[in-house]
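Before any comments, here is the structure.
In listed order, ligands and their atoms are each counted from 1. Just so we're clear, the structure is a prediction, and the values are computed from it rather than from any experiment. Note that these values count all heavy atoms, side chains included, but never hydrogens, waters or copies made by symmetry.
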Amino acid sequence: MSTTIKEEKETASLLDSTQVVIKEALDKLGYSEEVFELLKEPLRMLTVRIPIKMDDNSTKIFTGYRAQHNDAVGPTKGGIRFHPEVDEEEVKALSMWMSLKCGIVNLPYGGGKGGIICDPRQMSIGELERLSRGYVRAISQIVGPTKDIPAPDVYTNSQIMAWMMDEYSRIREHDSPGFITGKPLVLGGSHGREKATAQGVTICIEEAAKRKGIELKGARIIVQGFGNAGSFLAKFMHDAGAKVIGISDAYGAIYKPEGLDIDYLLDKRDSFGTVTTLFDHTITNQELLEQDCDILVPAAISNQITKENAHLIKAQIVVEAANGPTTLEATKILTERNVLLVPDVLASSGGVTVSYFEWVQNNQGYYWEDEEVQTKLKALLVNSFNQIYEMSETRKVDMRLAAYMVGVRKMAEASIFRGWV
Ligand SMILES: NC(=O)C1=CN([C@@H]2O[C@H](COP(=O)(O)OP(=O)(O)OC[C@H]3O[C@@H](n4cnc5c(N)ncnc54)[C@H](O)[C@@H]3O)[C@@H](O)[C@H]2O)C=CC1
Ligand SMILES: O=C(O)CCC(=O)C(=O)O
């Protein structure tokens, strides 16, 4: 099957390449140019500067963003990233991918995303708390349980969600658990949210493996990134009888063809998903991606599989747990090589799905058992996978374009019904 994604300059920004695929999806579905004009950028983008008193008594000004792509379907929703490489264009693209994820799983949300340029690995707990609270104060006008609901992403976690929920509740002068998801269980978090992204990726791997005739038991898997998404995924794959032969973090990668001791690595990793620093013999992240394996899961950052290394990928299945790990050119190369690529907007949608369950529980004040969360998550994701796979087959497009076609429809329809276009 040939890909239909246009030739793109490899240097295109994440926003540019997202626009290319959204345009192509809308054209294939027969929507007008006006719909594309509406959806090609977030409706709202707030940039904030947050002064924080550091432990040495100096004041540092941090820059943060919150993008709200489209709220025709409902309030916007999406995580907050704390990372030195956060940038405005990427936050915009991330908010658009959130819209697509919510469309794919049929959640009553549009997409949002936030980020702060900072390196939490270099900050004390006190500095992190002050930064988390300062960010909420700075964006409080545009967020809320019926406006825009944040959640965790790279280098943010349930503790940070707890501080943010507490700050928002203080500002509004009432308890507001539905303001943010990914909270600790005792503050209205949901069973299953912490492992939800990896659970969703696991469901996609199971479905993709069936389509490729690969037995999961004994399959060789490489996972890039050992944080929330990557480490839970490695554990689930290991428990399912697959052989996890490589993992990585921001500092390097470890690779062992006989299989890694995942329980040991989980025990040793720190709260930022770092573990390779404990090993003498490491390879680079890029070298890891090129090692022989059956299934490759990028679960770290964007732009990892490019036209430079796509020819060197040995896996038959690539499942994108990370947001934006594969460029458009690389998508084309992998598809031409008959690699089954499960795109981020489908593969990583388990997180926002259970975040939605958390928000529903907060709104109801009635909490579900873990089993209920698991059953509902599985049903939604298997259905979404099948829908996208069938779209890809019947319309003869690659899985990314098929996912965009499924994901963009509800948002386009809702915008038209509202009379926006
Ligand atoms: N946490 C969630 O619920 C969701 C996360 N995602 C995506 O999954 C990916 C990973 O997110 P989390 O696991 O939540 O983050 P995390 O903060 O828990 O872990 C990040 C991992 O990536 C590694 N990393 C950071 N910078 C790197 C670099 N320059 N090169 C290689 N590795 C690097 C870190 O060492 C760590 O192992 C991101 O793309 C995120 O947007 C997608 C959907 C939901
Ligand atoms: O859980 C959420 O609401 C959003 C998760 C997220 O940021 C993502 O899927 O990229």
Side-chain angles (χ1 to χ4, degrees), residues 14 67 75-86 90-91 93-102 104-105 107 109-115 119-121 148-158 160-161 178-183 189-190 192-201 223-234 247-253 265-266 269-277 282 284-289 297-304 319-326 343-359:
L14 292 171
T76 46
K77 174 107 191 75
I80 298 167
R81 178 175 288 203
F82 284 8
H83 197 275
E85 277 143 40
V86 161
E90 189 184 32
V91 173
L94 283 159
S95 75
M96 294 161 76
W97 299 336
M98 286 311 307
S99 287
L100 294 161
K101 291 185 202 192
C102 295
I104 285 168
V105 198
L107 308 179
Y109 297 133
K113 197 83 179 198
D119 191 345
R121 293 164 296 183
D148 180 13
I149 306 128
D153 191 65
V154 179
Y155 292 162
T156 55
N157 56 25
S158 58
I160 290 175
M161 299 304 108
F179 154 62
I180 203 162
T181 59
K183 302 179 292 294
S190 175
R193 175 59 186 90
E194 211 185 7
K195 57 188 176 184
T197 304
Q199 211 106 42
V201 178
V223 184
Q224 185 198 26
F226 207 60
N228 173 276
S231 70
F232 275 112
L233 178 74
I247 62 109
S248 76
D249 57 31
Y251 306 91
L265 295 172
L266 286 172
R269 76 172 199 127
D270 73 10
S271 61
F272 295 106
T274 306
V275 72
T276 66
T277 44
T282 56
T284 65
N285 267 276
Q286 284 305 310
E287 285 165 341
L288 180 72
L289 298 175
V297 183
I301 53 164
S302 57
N303 286 333
Q304 296 301 293
V319 181
E320 296 181 332
N323 282 299
T326 314
D344 48 6
V345 289
L346 166 62
S348 73
S349 62
V352 69
T353 303
V354 178
S355 273
Y356 164 61
F357 297 160
E358 181 172 331
W359 179 77

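- Among the atoms of Asn228, some N or O lies under 3.5 angstrom from an N or O of ligand 1.
- At a 4.0 Å heavy-atom cut-off, ligand 1 does not touch Tyr251 at all.
- If you check which protein heavy atom lies closest to atom 15 (O) of ligand 1, you get Val154 CA, 3.6 Å.
- Between Asn323 and ligand 1, at least one N/O pair is under 3.5 Å apart.
- Contact annotation for Lys101 and ligand 1: only side-chain heavy atoms (C-beta onward) come within less than 4.0 Å of the ligand.
- Scanning all protein heavy atoms for the shortest distance to atom 28 (C) of ligand 1 gives Ile301 CD1, 3.4 Å.
- Between Lys113 and ligand 1, no N or O atom pair is found at a separation short of 3.5 Å.
- Residue Tyr155 has at least one N or O atom closer than 3.5 Å to an N or O atom of ligand 1.
- Using modelled atom types, one side-chain atom of Gln304 and one backbone atom of Ser302 make a donor-acceptor pair closer than 3.5 Å.
- For Arg193, the closest heavy-atom approach to ligand 1 falls below 4.0 Å.
- The two residues Gly182 and Met161 come nearest to each other via the heavy atoms O-CG, 3.5 Å.
- Here the shortest heavy-atom pairing between Val354 and Ser190 reads CG1-OG, 4.0 Å.
- Closest of all the heavy-atom pairs between Ala347 and Val319 is CB-CG1, 3.6 Å.
- Rounded to the nearest 0.5 Å, atoms NZ (Lys101) and CG (Leu107) are 11.0 Å apart.
- Close N/O approach between Phe226 and ligand 1 is found [any backbone or side-chain N/O within under 3.5 Å].
- Near Gly79, meaning under 4.0 Å from one of its heavy atoms, ligand 2 places the atoms 4 (C), 6 (C), 7 (O).
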Exercise for the section: Would you please test Arg81 and Tyr155 for side chain to side chain contact (heavy atoms under 4.5 Å, CB included) and show each step? Expected result: CA-CA 6 Å; Arg81 178 175 288 203; Tyr155 292 162; over 6 Å; no
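- Of all atoms in ligand 2, numbered sequentially from 1 with element shown, those under 4.0 Å from a heavy atom of Ala151 are 1 (O), 2 (C), 3 (O), 4 (C).
- Annotation: Gly230 places no N or O atom under 3.5 Å from an N or O atom of ligand 1; distance criterion only.
- In terms of protein heavy atoms, atom 9 (O) of ligand 2 is closest to Lys101 NZ, 2.8 Å.
- Among protein heavy atoms, atom 1 (O) of ligand 2 sits closest to Ser355 OG, 2.6 Å.
- Close contacts between ligand 2 and Val352 involve ligand atoms 1 (O), 2 (C), 3 (O) [criterion: under 4.0 Å to a heavy atom].
- The protein non-hydrogen atom at the shortest distance from atom 21 (C) of ligand 1 is Gly227 N, 3.9 Å.
- Atom 40 (C) of ligand 1 has Asp153 OD1, 3.3 Å as its closest protein atom, hydrogens excluded (heavy atom only).
- Annotation: the span from Ile160 atom CD1 to Asp153 atom CG amounts to 11.5 Å, rounded to 0.5 Å.
- Put simply, the side chain of Arg193 never gets that close to the backbone of Lys183: no donor and acceptor are under 3.5 Å apart.
- Atom 36 (C) of ligand 1 has its closest protein heavy atom at Phe272 O, 3.4 Å.
- Closest non-hydrogen pair, Ser99 versus Gly110, comes out as OG-C, 4.0 Å.
- In terms of modelled atom types and a separation under 3.5 Å, the side chain of Thr156 and the main chain of Ile80 share a donor-acceptor contact.
- Checking side-chain atoms of Asp270 against main-chain N and O of Thr274 turns up a donor-acceptor pair under 3.5 Å.
- Thr197 OG1, 3.3 Å is the protein heavy atom nearest to atom 2 (C) of ligand 1.
- Nearest heavy atoms, Asp344 versus Gly324: OD2-N, 2.7 Å.
- Here's the thing with Ala300: one of its N/O atoms is less than 3.5 angstrom from an N/O atom of ligand 1.
- Heavy-atom proximity to Gly351, at under 4.0 Å, picks out these atoms of ligand 2: 1 (O).
- Side-chain contact, Glu320 with Thr326: a donor N or O sits under 3.5 Å from an acceptor N or O.
- For atom 10 (O) of ligand 2, the nearest non-hydrogen atom of the protein is Lys113 NZ, 2.7 Å.
- Geometrically, ligand 1 and Ala322 share no nitrogen or oxygen pair separated by less than 3.5 Å.
- Any N or O atom pair closer than 3.5 Å counts here, and Gly273 shares at least one such pair with ligand 1.
- For the atom pair OG (Ser271) and CG (Asn157), the distance works out to 7.0 Å, reported to the nearest 0.5 Å.
- Rounding to the nearest 0.5 angstrom, the gap separating the OH atom in Tyr109 from the CE atom in Met98 is 9.5 Å.
- Heavy atoms of Glu358 found under 4.0 angstrom from ligand 2: none, in either backbone or side chain.
- With Ser231, Ala250, Gly252, Gly225 as candidates, the residue nearest to atom 27 (C) of ligand 1 on a non-hydrogen basis is Ala250.
- Here the heavy atom of the protein found nearest to atom 13 (O) of ligand 1 is Ala229 N, 2.8 Å.
- Lys77 NZ, 2.8 Å is the protein heavy atom nearest to atom 3 (O) of ligand 2.
- Rounding to the nearest 0.5 angstrom, the gap separating the CG atom in Leu94 from the CD atom in Glu90 is 5.0 Å.
- Distance check: Glu85 CD to Asn303 CG gives 10.5 Å after rounding to the nearest 0.5 Å.
- Each of the following atoms of ligand 1 lies closer than 4.0 Å to a heavy atom of Asn285: 31 (C).
- Contact annotation: for Ala321 versus ligand 1, heavy atoms closer than 4.0 Å belong to the backbone alone.
- Here the shortest heavy-atom distance to atom 10 (C) of ligand 1, taken over Ser248, Ala299, Ala151, belongs to Ala299.
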Practice task
Evaluate the criterion side chain to side chain contact (heavy atoms under 4.5 Å, CB included) for residue pair Thr76 and Ser95; output intermediate values, then yes/no.
Solution key: CA-CA 9 Å; Thr76 46; Ser95 75; over 6 Å; no
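- No donor-acceptor pair closer than 3.5 Å links the side chain of Asp249 to the backbone N or O of Phe226.
- At least one N or O atom of Arg81, backbone or side chain, sits closer than 3.5 Å to an N or O atom of ligand 1.
- Annotation: atom 43 (C) of ligand 1 to nearest protein heavy atom, Ser348 O, 3.5 Å.
- Heavy atoms of Asn323 found under 4.0 angstrom from ligand 2 belong exclusively to the side chain.
- The backbone N or O of Tyr356 sits nowhere less than 3.5 Å from a side-chain atom of Lys77 that would complete a donor-acceptor pair.
- Of all the heavy atoms in Gly178 and Trp359, the pair that sits closest is O-CD1, 3.4 Å.
- For Ile149, no nitrogen or oxygen atom sits less than 3.5 Å from a nitrogen or oxygen atom of ligand 2, counting backbone and side chain alike.
- At least one heavy atom of Arg193 sits less than 4.0 Å from an atom of ligand 2.
- Using a non-hydrogen distance threshold of 4.0 Å, His83 registers as a contact of ligand 1.
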